[in-house]
**Q** 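Take a look at this one; I'll ask things after.
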Amino acid sequence: MDVHDPRPPEGSGLIVRDLAVSYGPVAALRGVSLEVPRGSIVTVLGGNGAGKSTLLRAVSGTLGFHRGGVTAGEVRFDGARLSGTAASSVVAAGVVQVPEGRRVFARMTVEENLRAGALGARDRRAAAESRDRVLTLFPVLAERARQRAGLLSGGEQQMLAIGRALMARPRMLLLDEPTLGLAPMMAARIAETVREINGQGTTVLLVEQNAAMALSLASHAYVLEVGEVVLSGPAGELAASDEVRRRYLGVEDDGDDGNGGGGDGGPAARTSGGARRDLSASPRPVLARWSA
Amino acid sequence: SQKATGGAADPSAVGGDGVKTGPGVTADKISIGLMTDLTGPYASFGKSLTQAQQLYFEQTNAAGGVCGRQLEAVVRDHGYDAQKAVAAYTEIGPKVVALAHVVGSPMVNAIKQRIETDQMLTIPQAWATGLLGSKPIQVTATTYDIDMINGVDFLAKEKGIKSGDKIGHLYFEGDYGESALNGSKYAAEKLGLKIVEQKIKATDQDMSAQVAAFKAEGVKAVLVSVGPKQTASLVGVSLAKGMDVPFVGSNSAYSPQLLPTPAGPALLKDFYYMTGGAPISSDRPAMKKLAADYAAKYPDTPIDSGVSSGYAAAAIVVDALKKACEGKDLTRAGVVGAHRSQSAWGEQFGTTMDFTRFDKPASLLSYVAKPDKAALGGAVIFKEAAASDLAKEYQVPVG
Amino acid sequence: MSTTYQPGGMDISVPRLEVRDVTVRFAGLTALDAVGFTVEPGSLHAVIGPNGAGKSTCFNVLSGVYRASAGSVRFGDAELTALAPHRIAALGVARTFQNIALSPHLSVRDNLMLGRHRLTRAGFLAAGLRLPSARREAAAHGERVAEIAAFVGIAGRLATPVGLLPYGVQKRVELARALCMEPRLLLLDEPVAGMNGGERRDMAELVVAVRESLGISILLVEHDMGMVMRLADTVTVLDFGRRIAGGPPGEVQRDPEVVRAYLGAAAEDGTRENAS
Amino acid sequence: MSKKVILCCAALVAAVAVPFYLEGFWLQAGLFAMSAAIGAIGINLLTGATGQLSMGHAFFLAVGAYSYVYFAAEPEGGAHGLGGLGLPAPLAALLAVLAAGVAGGLFSPIAGRLKGAYLGIATLALIFLGQHVLFNAEPVTGGYNGRAVPPMELFGFVFADSPELVVAQVPFGALERLWFLGIALLAGAALFARGVLRGRPGRAMNTIRDHEIAAGVMGVPVARYRAGVFVLSSMYGGLAGVLIALVFQRTVPDYFGLLLSLDYLAMIVIGGLGSVAGAVTGAVFISMLPQLLSRYSDALPLVAEPGSGGVTPAEAARLLYGAAVVVTVLFLPGGLAGLAARLRQATTRRAASPAGHPASLSPSPAPDARN
Amino acid sequence: MITFLELLANGLSVGAVYALIALGFVIIFKATEVVNFAHASLLLVGGYVVARAHPSVGFWAALALGVAAAAVVGALIEFLVIRRAKVSSHGVLAIVTIGVDIVLTTELTRRIGTEVLALGDPWRDRVLHLGPVAIAQTRVVALAVAVVLIAAFLLAFKYTGWGVAMRATAEDPETAALMGVRRERVSMGAWAVAGALAAVAALFLCVFPTPGLDRSTTFAAMKAFPAAILGGLDSTTGALAGGLIIGVVEAMMSGYQNDLAFLGRGIGDVAPFLVMIVVLLIRPAGLFGTRELARV
Ligand SMILES: Nc1ncnc2c1ncn2[C@@H]1O[C@H](COP(=O)(O)OP(=O)(O)OP(=O)(O)O)[C@@H](O)[C@H]1O
Ligand SMILES: Nc1ncnc2c1ncn2[C@@H]1O[C@H](COP(=O)(O)OP(=O)(O)OP(=O)(O)O)[C@@H](O)[C@H]1O
Ligand SMILES: CC(C)C[C@H](N)C(=O)O
Ligand SMILES: [Mg+2]
Ligand SMILES: [Mg+2]
């Protein structure tokens, strides 16, 4: 499915063209092209191991930390070439990533983590402002300002990771699973925040397992599978597509492929909240008790 | 393959010239081992020793060698590490007839058993008392304890130290320091003095705490059996802190390299060291010739006590070889036997030594030497060699 | 809703877990404040609550990682609060971690064999000398490990170093490792975080299968309300370290306090997708 | 399988043949390497497999060496008046290894509690305190000069130069005899460590290294295991100490210093952390290098004769040794053993399927390893 | 009493030098989480350059040269080795620095050869008399310099972006890069600073009351290890406290050696390590160090 929508002026926003990435012998992305027009929110969906994080790493120039590298294609932001430049230059260009798995600086305090986030920003007053904004967004961070970040709860760490990225006042934000481990209310808050900062002009590329949320925020969506873009289009259309509904939203029909590996999940098991569904419909594995 | 193992099973043979030979001696060559320190704490000393001995062998070779054979030095550096010394001995032991020097008593001790089994004439460059009592091992001149006894005697006779006074003794942990301490304690007891001990490690550099302790005890003089750097620190700090007393060191406590450092002036003031071997500046023809030859061969290297000491040690070995040659027996045992037959050796280098007894120092006479900027080797004789009565009465503990 | 789940032919003794007035304090912060609840033998009990409510802290107390400042945790006859982690493990309490805590360089098999630690005996001497007893033991337990791996769906990965596996598979390895301890009580801390719809469904299936097969008690922390509501027999809700509600899932879900503190208004319509 | 057996047999034959062909220098170098290998296996169990940095390994060698000497020496003492317990040599050796273990055990309040750099530097204290004791406890240790080592005696067979023994026309002195003892001890030590590493304790150790809390929760008594590994590694140190004492025929305190400890760390890094083969390879490399260089100093272009100025063999050895450590870490992440494994894999991979992950592990730190 | 005061003063004054050396370790540790065993050789670099340069360019210029040279060598170590080392464990990096140390020390001692080099400092062997107590002037300067530098670094780590950047990089280079930190520059900067500090420490280590720089100078640096650990490896204040404690303990134990003879002679040298062990038993992260806390 490919839907033609009005292209933004050439050279503004993030453009990824024919990107191929490999980790040593392992090819993780092949011929991936995607666009995030300035001022928009675009989401990338895909199962575990599809290459979503790899894509973000390629944009922010941190593949080297994983012994990976871009083997073909390029990444441009607002006309300037990002691929091949150092991570710090990408930040300097205004592109900031919230990495997967929180990655807070565990030994530093919450306060210091936020300051680390502002290292890329030059304007002092702006830094103070962003700090206020972050602390209003996540009041718990203000309460825990002097606590070592490593001791925060999982969700609190996730908030810190997002807050830290916001400190840099990026022109473009790359979010890798920002709601991982967040309580429903907090996830909703994150969604609002993303919409809000987008409203203030920040372009957002969002990688999410929570497809419903991602599709409701984004104007445009791409689906990655095993390193390739298999679907793309306006978010609304994708959300309506059977394929996406089945695979990533987890609605309706059965027809299990029962695969244990990552990436290609079976049909989602969730129906409306609270109702206990009969889970014994499909044959379930059995483990004998151990006796010795 | 040509398999050679330790000396125990070495065959001896009789050469064409009727001389019995063993390991290290061939028809035209005599190999002599030098186990030295070129990379450890006594590297400068080791270097001087090695160069001086090589010079001596060269001169001997130029004069026709020994027993019609040329001398060859096999040098191994042990870096003041006993394990390396053992390894080096395993390597070169089977190939040499004698060891013209082994730096450091721990190294000699480490290979002592094998030296004894192999009957390898060995000249330690170390003067710990514990090295006595072994037939093939020849400690030159005095031991540290004798030097210290003579030193205390010197303090009493010339520096006004009298019964009831306290004197400090700063010493290294280990054989060197402890041998010296034995001597000073003995002399102190005889003279009614009290020794204030301070033991340090070779890695200590700053003697402030030790000076404070000496000062607190009110010592009237300080004996010094440490390395040159510690001596410099001790003397410098003492003077700076107003502890103006005489210092008497062991032969290993001084090095001319220290004269240009900030401690130089203090060393020149009231520091003396005791030595059984004459300083190279002493007024002897042999020394003068050595100084000239050495300077000619190694023009850029500084001269310290290692030069005269090493040269004399080489002479001891070569003389033993010559004597052994006369007896037509250049096996190791033959060399040791020949060596042990000399009772008055070394007039030309200073005091004479008696090699016939190996459970006693070869000499009881110590020089009192004093640092001197102008002198060759940075020191001059302050008082000619003498043996104090105390030293003569002293029973050397042999172990 | 029943509070005890009786699978067919339950024959191992699964004791009741009773948490009474457990309090945990960190410098200037009360992470758990007199929390209490009971996990009936063989039931699946969920603990939910906002971020930082103290859920993981509670798990940490149960598994001996944190020491409670007050209160008691009884598992059958044993009082857990005074025990070191390995002693608690010895009683058959197993857990998974919110953040994966596997040895990335070891193979899946070795990671799973570690789960057998409490059930095996070979010490330095036996292992070093390869005594027959150690070999027999390793063989027997190796078979069981393969069984469990097959059950969890990672049989094909046994030789792979864990660090090279995708996230979702690593989560399964975590579960398998806990199962390898042959637990009587299984603590699962956010087992489906970071997974997409399909993967979540598989994991939920697994949890149910575990319960049906083994009849053990399971304590589950999860923010995926769909999963909690479907699987749990009982739910305890924590907020700021206090227990604010508890009971069958349907009831808890309607509790206004829970809606305010945790689910949010959005959850009231009951159709919202929950955050991962 | 059969290939492995053939390889083992070949190695065995080679090992047995060596003393008949090589001279004392080589045997001694080989024995030093064997002792070092035993010690390195020990510290690799601790530092490589369990992640506990130790800079105090030399101390345990000292305990082993001195205990053996003290236990085996005649009560009356020799020329130096140093007495001992006069136990049969094998028993003395066994007790010496146990003594090293006990010494390690005494340190377990520290070893069980500390980790990382703190443990590393805390163990440094063992070296200094140990040497202090060695210097001062003269009646037992002989002080600065150390003491002579009574030869090993097994079933009436003495591992010394006398009584003389000639086998196949080759005189068998102490080194030749010890060679076989060394081979046997090393093989035993290596097999034992391999068993430990591949068995239940090894997994527990690795997990303690990778994730301490998880290890505890999985039922591993972490502090006890740490202490246990420390004791085991100390015993390996002790055994290495006994062997080195037998080769040396003398023990001196100076030898058991910081440099020796650092050598051991260098060995396991160069060889490869965490594996027995790595420890052995590293030990051979580190202990042979200086000997080879000084032996062939005349033949090597850059290395000067001692005393002639320029880079002496000892200096060259140290330069090479330092550089080797750096180069290994820069270019051979798995050490020499890792290199061998990779080569092996490369050859088998070519034979088998071309797919698969690269052998080198340690990708970036796992995202979850942080907290 | 006077002896006590004198020993105390001595101890504090040596302690200041230990503190300066320990500070170098601490900086690197804080900035890169590597225990830098090559610090001793950086010391030697700094000292060597000062010693060789002062006769021709005068002391202060020589000192500047020495500081610069040690900083460059520090930066080079980072550039050539640390940056390229593909290891995940800081323990292995620590062992790498041992390798670097061996190379540098061997080469420098070879160059120093058998000499004892004076550094040509302006304080010579003057002492400062405080009542009955005399302290070498060099040591008074050392103490002042140590206090100033340590205060400066304390503030820098706390309040400058540089400090935050360093610690962030140390902990997680990738994430720090995502914050826009120029990782290479920051870590190289830390090594350069540590090198410069080593040169300053070398100066005070080699001037009166010690006679000069020689091949054994690095051994004296050993005592900075217990000092740094005692204070807490990641605490600048700890470096000062640790240094002073070690200095005082050592001076006291040596000074009262005769009364402590039952502990064996030469206890002054091992006492620092004893104290360290005792402190670590009570506080596993040293006096001021942050405790390694982990949660799951
Ligand atoms: N450091 C690495 N070395 C080798 N392969 C890697 C590395 N990191 C990722 N890969 C592989 O690259 C592919 C893409 O991984 P990536 O992390 O980008 O997936 P993802 O879509 O972000 O998955 P998830 O949803 O689990 O975060 C996977 O097959 C993964 O195994
Ligand atoms: N070791 C610790 N030291 C200090 N505070 C801690 C420690 N462990 C947890 N906390 C605090 O206790 C509170 C509860 O943490 P906990 O991890 O139990 O939360 P949680 O309910 O699991 O949250 P999440 O859903 O985000 O994982 C948090 O505010 C956290 O910051
Ligand atoms: C000159 C030195 C090498 C001697 C040393 N002090 C010793 O007796 O070992
Ligand atoms: Mg990802
Ligand atoms: Mg949690």
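Below, chain A is the first sequence line, B the second, and so on; all start at residue 1. These figures come from a predicted structure and were not determined experimentally.
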**Q** Identify each donor-acceptor pair in which a side-chain atom of residues 126-137 of chain C lies under 3.5 Å from a protein atom, sequence neighbours left out, and give them as a table.
**A**
unit_1, atom_1, unit_2, atom_2, d
C/Arg130, NH2, D/Leu191, O, 2.5
C/Glu137, OE1, C/Arg121, N, 3.2
C/Glu137, OE1, C/Ala122, N, 3.1
C/Glu137, OE2, C/Arg121, N, 2.8

**Q** Just so I understand: if I count every heavy-atom pair under 4.5 Å between each of D/Gly228, D/Ala204, D/Gly195 and chain C, which residue has the most?
**A** D/Gly195
**Q** Can you establish whether the number of heavy atoms outside D/Arg194 located under 6.0 Å from its atom CZ is more than 12?
**A** no
**Q** Checking side-chain contact (heavy atoms from CB on, under 4.5 Å) between D/Met218 and each of C/Arg118, C/Arg177, C/Arg116, which is the one that passes?
**A** C/Arg177
**Q** Roughly how far, to the nearest 0.5 Å, is the NE2 atom of D/His211 from the CD1 atom of C/Ile100?
**A** 10.0 Å
**Q** For C/Met181, which atoms come within 4.5 Å of any heavy atom of chain D: side chain, backbone, both, or neither?
**A** side chain
**Q** Run the side-chain donor-acceptor check on residues 230-243 of chain D: report pairs under 3.5 Å with partners two or more places apart or on a different chain.
**A**
unit_1, atom_1, unit_2, atom_2, d
D/Ser234, OG, D/Phe230, O, 2.6
D/Tyr236, OH, D/Ala189, O, 2.7
D/Tyr236, OH, D/Ala193, N, 3.2

**Q** Compare every heavy atom of C/Ala89 with every heavy atom of D/Val217, then report the nearest pair and how far apart it is.
**A** O-CB, 3.3 Å
**Q** Starting at NE2 of C/His105, measure out to CG of D/Asp210 and round the result to the nearest 0.5 Å.
**A** 6.0 Å
**Q** Can you check whether C/His86 and D/Tyr225 have ring centres sitting under 6.0 Å from each other?
**A** no
**Q** Name the member of D/Ala214, D/Gly199, D/Ala215 that forms the most heavy-atom pairs with chain C at distances under 4.5 Å.
**A** D/Ala214
**Q** What option among C/Thr120, C/Asn60, C/Ile88 has the most heavy-atom pairs under 4.5 Å with chain D?
**A** C/Thr120
**Q** Got C/Asn111 and D/Thr207 here, is their nearest side-chain heavy-atom distance under 4.5 Å?
**A** no
**Q** Sort C/Leu119 into side chain, backbone, both or neither according to what part of it lies under 4.5 angstrom from a heavy atom of chain D.
**A** neither
**Q** Would you say D/Arg200 and C/Phe124 make side-chain contact, with heavy atoms under 4.5 Å?
**A** no
**Q** Can you establish whether the number of heavy atoms outside C/Arg87 located under 6.0 Å from its atom CZ is more than 12?
**A** no
**Q** Tell me, side chain or backbone of D/Arg224 under 4.5 Å from chain C's heavy atoms, or both, or neither?
**A** side chain
**Q** How many angstroms lie between OG in C/Ser103 and CE in D/Met205, if you round to the nearest 0.5 Å?
**A** 12.5 Å
**Q** Please classify the contact between C/Phe97 and chain D as side chain, backbone, both or neither, with a heavy-atom cut-off of under 4.5 Å.
**A** side chain
